[in-house]
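Heads up: the structure comes next, in structure tokens.
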Amino acid sequence: MKLLFYAAKIYDRKSFDPLLEKYKDVEIDYIDHELEPITAALAKGYDAVCAFVSADVGAKTLEVLKENGVNIVLMRCAGFNNVDVEKAKELGIIVKRVPGYSPESVAELAMALALAANRRLYKAYNKVRENDYSLKGLRGVNFYEKTAGIVGTGKIGAAMCRICRGFGMRVIAYDVYENPDLKDFVEYVSLDELLAQSDLISLHCPLLDSTYHMINLENIKKMKDGVILVNTSRGALVDTNELIEGIRMKKFLGIGLDVYEEETGNVYEDRSDDIMEHSVTARLLAFPNVIITSHQGFYTMEALASIAETTLYNLMEAKEGRKDGNDVA
Ligand code: NAI
């Protein structure tokens, strides 16, 4: 089986190559290019392609893959909002993903962002390096006995619920389905109640039509003053321009984002020498109570190992035409 691996980084090779001992029939070629319509033709002669969160797996890309004889797309991530699922089904292309490779890797980053935003760790770090030992701008709040509101209580949201409970927080949640594993300590409420009661709001639902811009000005106004908002799920859950309005209204004690609307094109690139033509992200970063990381929720040793193992397992299952819970299309 020949697999073309798009947008490959060193850490991808380090987690996938050792597994080729086990998957002896698999041959992987790694390329830097992102999977998109113009690069899809590079997959001619391959059985499958492997792509990540910033790939464009829309209708055009899928058509080019099909024209070039590629019938398997392996997403090495959990989210698949960048895949045109209906088009893949229409073309008979199998798309598999890696759901729940290490929910704790993302949930622990969500809590790290909440703490960093609350206690302004990014400012504190720089201040001490500059011999500035004053505490100006660093005052936070205790999480103990405060209310955590978790939106989406699937695998990652559930892990975040457990972490918040460990901090001695009251945990409330909103989801379209209740997770029975959490019934002992999580109280399900409506989204409006969650927004009104939470001191910390953490987003863990997928990006769908129904969740697009769920954090908008109307919903921000329903939040408590001094709330902390964390998004480690997908950037477009939050309307960035309206978030900026909310920040200017002094709604937030802190904001931690591992994902943001403009991230495609930035993610995993060093753009430190680029002059950005227009960027709402830069406007966000100008606020003292915002910390942004570049989609690194998955980036732990455990998560990378699990992604590699499941992706190659998915390749074998796809080859045999077997369907399972990892199928997107
Ligand atoms: P999951 O599928 O286990 O859980 C998602 C939950 O969201 C489900 O319980 C579902 O019922 C709920 N949900 C669906 N529609 C909803 C709505 N309208 N309102 C509220 N809840 C809703 O997914 P998992 O593994 O927990 O991942 C969650 C998201 O995290 C992924 O969709 C992905 O976008 C993101 N993610 C981010 C990573 C990062 O590196 N920052 C890494 C992995 C995932």
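In each ligand, atom 1 is the first atom listed, and ligand 1 is the first ligand listed.
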Each residue besides Leu121 in its hydrophobic cluster should be listed here, by chain and number; the cluster joins Ile, Leu, Val, Met, Phe, Trp and Tyr at side-chain heavy-atom distances under 4.5 Å. none
So Tyr268 and Tyr11, would you call those rings parallel, tilted or perpendicular, with 30° and 60° as cut-offs? perpendicular
Who passes side chain to side chain contact (heavy atoms under 4.5 Å, CB included) against Val227, sequence neighbours left out? Ile201, Met223, Phe252
Sub-4.0 Å heavy-atom environment of ligand 1, residues by chain: Ala78, Tyr101, Val106, Gly152, Thr153, Gly154, Lys155, Ile156, Tyr174, Asp175, Val176, Tyr177, His204, Cys205, Pro206, Leu208, Ser210, Thr211, Thr232, Ser233, Arg234, Asp258, His295, Gly297, Phe298
Among residues two or more places apart or on two chains, list those pairs meeting ring-ring contact (aromatic ring centres under 6.0 Å, His included) that have a residue in residues 100-152.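 Residue pairs with at least one partner in residues 100-152: there are none.
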Looking at the rings of Phe16 and Phe5, which for Trp means the six-membered one, are their centres under 6.0 Å apart?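 Yes; Phe5 has its ring centre under 6.0 Å from that of Phe16.
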Criterion salt bridge (Lys or Arg N to Asp or Glu O under 4.0 Å) against Asp327, the qualifying member of Lys89, Arg97, Lys96: Lys96
